[in-house]
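For reference, the structure discussed in these notes is given below.
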Amino acid sequence: MRVAPGWSSVLPSAIVVLAVGMVSPSAQGPYGDESSCPPAAADEETPAASVGSGRPEGFGIQNEPSLLPPEEATWPGPAAWIPVEYRDEKPLSAPTPVFDAEPRPLPIAVASPPAASQPRSQALEMAAREADLHTRRAFELGGRRAWFAARAEFILALRTLAQALDRQRETTFHSRALAAALTALREAQDFLPGPSRLEADLDLAGLVAGHRTPALKQANLDRHTPLAACQGYLTFAQEQLAAAAGDEVAGAMALYGLGKLHAAMANQPGVADRSAPPKAVAFYQAALLVNRHHYMASNDLGVLLARAGRYEDARMALEHSVSLYSQSAGWHNLAVVYRQLGRLDLAGQAQRHWAAAVRAETARLGFNPTAPLPAVQWVDPKRLSPTAAVGPKRGFSAEDHAILLCQALGPAAPCAICGVDCSTCSWCKRSGWERMRAIAWQAYAQGEYVGHERTAHVPEYRLRVDDQLDMIYRVTREETAQPYRLNVGDEIRVESFTDSALNRDLLVQPDGTITLRLLGQVRATGRTVAQLRDDLERLYLKYYKVPAITVTPLRVNAKLEDLRAAVDRRQGIGGQSQLVRVTPEGTIALPAIGSVPAQGLTLAELQQELNERYRQEVEGIEVIPVLAQRAPRYVYVLGEVRNPGRFEMTGPTTAIQALSMAGGWNVGAHLRQVVVFRRGDDWRLLATMLDLRDALYGKQPCPPGEIWLSDSDVIIVPKHPILVADDFINLVFTRGIYGVVPATFAFNFAKLSTL
């Protein structure tokens, strides 16, 4: 197996992070050799994942693959190091199949490695690099719950590789295989019952005849159940996906991402899909068909099977994973599975392997990847940057740099103004007033108050709770790749050149049927116009030798018209739009697709996610989100300030600006120890201490404590130790002891002293 050079050199950090914390010094590389994984690069670029970061369980950018929940029972006591002995035991009891429609299992232990790669061309190498970029973006989108946009990026990565492979080998095999796989995945959902469709109502023969997937074209459908038919389609899709990716490692990573995505989508509100777990199994097994040494796909496949009660199958997948790449997550999962199978001896051995892997990862990363982060983190400013002021070498005099004001039409200050440009400062040394140079202050002459054309506040704005969005809907009128299938509410005309009495205009009824003369009710939903015509020709052969049926669509895409009617505001504010607000749970609700996660997404990412979701429901519509109103942002200032309270930030705000909004500081404020509290992404508490005294007293032009504030930051200006001591004396002595037992002294000078 030859690893694509582009994978190790261009692998994005967002994907490499999946392998962080799972490498032991003597472990074999994740793709079969030690040179195929660059752990050093991952350590340098990837921060530790935080506990409780708010990302959905089972997907996202994380330190390690999915973990099985620990068992309630205690682990065996410590013992000597014993290597795990893998045995082919029979399961204690027959596993209960939970994913009835899951594809045929892949025998991992005896799976054949992919065929030897052909010499790689430069075009294929560049395509692998481009696929890596799409995969990285997909993992980022999935980590922010943009499920459908992430799926589109994963598929785009596979499409890029398939086209590059076809170009190199001068064939269309890989592209056709990918198209067949995606079609099979889409058509497999037709065999799953829905809220208004029972298993007994499914017409297997009609569905298979109307599908493009050839998996069951020659099968005896009388012996097939809908779930068995779905399993056959997924097995076909699994094989076609592996064929489409060839032996490219980048393709295996994209397939692994699709599996992780569908495993995460299985129980998410608003996107619950019964076919998601079987599809995840198909994607994981396709990734292993492409690259047998993909330990992450093998691990996550084992986790998925174990959560479904398939412990024996999970054992095989997890053993295969840790044999390829020793990591703490795999050993933990294997120990849990061994305990479920009743093999306490093997569970203890796996637990000791887990402890050794954790020690190795701790030594390599510098921290324990399995330990939770502390609740409070105090950041000492002395460790980050010096807070001592760098005073001027000579006295600063305003007369040396006087500003000449005049009424001329030129700049307000004709002569150059001297100042300090903080861009020359470094984190380890701050410039003082001795670094004053001529600076172009008057960029606009008159009208200087408008300010410079500064760069944007943030490189990209990510939506947050209480942001208000204006959803603008547009009909695309673009040609679709798939033939249109009739839906409830569509209107068609059925004509016969043999018997004009059969001619009539029909409306597809809510039960998906149309009513015809001599035939009664005939199912029409899910059929294309051509398929419905063929069905009617076949049914009318009972009454006419040559029925000569013609089906003409009169009004189609009823779902699109219903959606347009739901968002039509032309009688109100005008246009086809809808105002929505991001809820406290970080979602928005839209017609036809329901609740959609929006928090943390950019407008472009949200637009991609919404259009992908709408494409699953109705074709021909595009939605464009526009930020109508931002959520308010506040900063809290208290302590030794004139007007403590909550202040709204209408723009980028610094610590000194927040003090000015609070009316300035009081006499006796300890400006060298201004404390700022902040909540992280996972609501953990962060704190830092600022030194603003020298800047506020004009002794330092580039203060290190003049930081940008974030929403909900709390600034505390404490009292100086002298005031603290004064308060203590006042509280204990003035109001305390002397307030309870007042001391009175009276002297009588006329009375003689006595012993």
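Keep in mind the model is a prediction, meaning the values are calculated, not measured.
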Between [X] and [Y], what is the shortest heavy-atom contact and its length?
| X | Y | value |
| --- | --- | --- |
| L518 | Y543 | O-OH, 3.4 Å |
| L165 | A244 | CD1-O, 3.7 Å |
| V488 | P510 | CG1-CA, 3.6 Å |
| A152 | Q608 | CB-NE2, 4.4 Å |
| L161 | A250 | CD1-C, 3.7 Å |
| R517 | A501 | NH1-CB, 2.8 Å |

>> Go through it in stages, so that I can follow the logic: the residues are E609 and E605, the test is side chain to side chain contact (heavy atoms under 4.5 Å, CB included), and I'd like the CA-CA distance, side-chain angles, deciding distance and then a yes or no.
In response: CA-CA 6 Å; E609 173 72 8; E605 293 172 348; over 6 Å; no
Measure the shortest side-chain to side-chain distance between [X] and [Y] over non-hydrogen atoms and say whether it is less than 4.5 angstrom.
| X | Y | value |
| --- | --- | --- |
| D470 | P625 | no |
| M253 | F139 | yes |
| L519 | L536 | yes |
| L241 | Q238 | no |
| D505 | L554 | yes |
| L606 | M471 | yes |
| L182 | I155 | yes |
| Y473 | Q578 | yes |

When you measure from the side chain of [X] to the backbone of [Y], do you find a donor-acceptor pair of N or O atoms at a distance under 3.5 Å?
| X | Y | result |
| --- | --- | --- |
| N611 | Q607 | yes |
| Q531 | T528 | yes |
| R485 | G526 | yes |
| R527 | R533 | no |
| T515 | G520 | no |
| Q285 | A282 | no |
| D166 | S175 | yes |
| Y284 | K260 | yes |
| T498 | V546 | yes |
| H320 | R292 | yes |

What's the separation between atom [atom1] in [X] and atom [atom2] in [Y], rounded to the nearest 0.5 Å?
| X | Y | atom1 | atom2 | answer |
| --- | --- | --- | --- | --- |
| L255 | L289 | CG | CG | 9.5 Å |
| T552 | I492 | OG1 | CD1 | 9.0 Å |
| F148 | L141 | CZ | CG | 13.5 Å |
| T135 | F154 | OG1 | CZ | 6.0 Å |
| D535 | I549 | CG | CD1 | 11.5 Å |
| I472 | R474 | CD1 | CZ | 11.0 Å |

> Between H262 and F283, what is the ring plane arrangement, given parallel below 30°, perpendicular above 60°, and tilted in between?
Replying inline: tilted
> With under 30° as parallel and over 60° as perpendicular, where do the rings of F191 and Y233 fit, or are they tilted in between?
Replying inline: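 Because their plane-to-plane angle is over 60°, the rings of F191 and Y233 count as perpendicular.
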Would you say [Y] and [X] are linked by a side-chain donor-acceptor pair, where the criterion is simply a distance under 3.5 Å?
| X | Y | result |
| --- | --- | --- |
| T213 | E187 | yes |
| D490 | Y484 | yes |
| K279 | Q189 | yes |
| E585 | Q599 | no |

> Checking side chain to side chain contact (heavy atoms under 4.5 Å, CB included) for the pair R493/L506: CA distance, chi angles, key distance, verdict?
Replying inline: CA-CA 6 Å; R493 175 175 295 168; L506 300 169; over 6 Å; no
>> Applying the side chain to side chain contact (heavy atoms under 4.5 Å, CB included) criterion to L486, which one of T525, L532, I514 satisfies it?
In response: L532
> Looking at R167, R169, Q163, which hits side-chain hydrogen bond (donor to acceptor under 3.5 Å, both in side chains) with H174?
Replying inline: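 Result: among R167, R169, Q163, R169 is the only option passing the side-chain hydrogen bond (donor to acceptor under 3.5 Å, both in side chains) with H174.
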> Passes ring-ring contact (aromatic ring centres under 6.0 Å, His included), Y256 versus H294? Steps please.
Replying inline: CA-CA 9 Å; Y256 164 72; H294 203 304; 5.2 Å; yes
> Thinking salt bridges, do E612 and R615 make one under a 4.0 Å N-O criterion?
Replying inline: yes
> Is E125 salt-bridged to R129, cutoff N-O under 4.0 Å?
Replying inline: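 Yes, this pair counts.
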>> Could you go through Q521 and D511, starting from their C-alpha distance and side-chain angles, then the distance that decides it, and tell me whether this counts as side chain to side chain contact (heavy atoms under 4.5 Å, CB included)?
In response: CA-CA 10 Å; Q521 289 186 321; D511 60 354; 3.7 Å; yes
> When you look at CZ of R212, are more than 12 heavy atoms from neighbouring residues, nucleotides or ligands closer to it than 6.0 Å?
Replying inline: no
>> Walk me through whether L502 and E495 qualify under side chain to side chain contact (heavy atoms under 4.5 Å, CB included).
In response: CA-CA 6 Å; L502 300 180; E495 299 174 296; over 6 Å; no
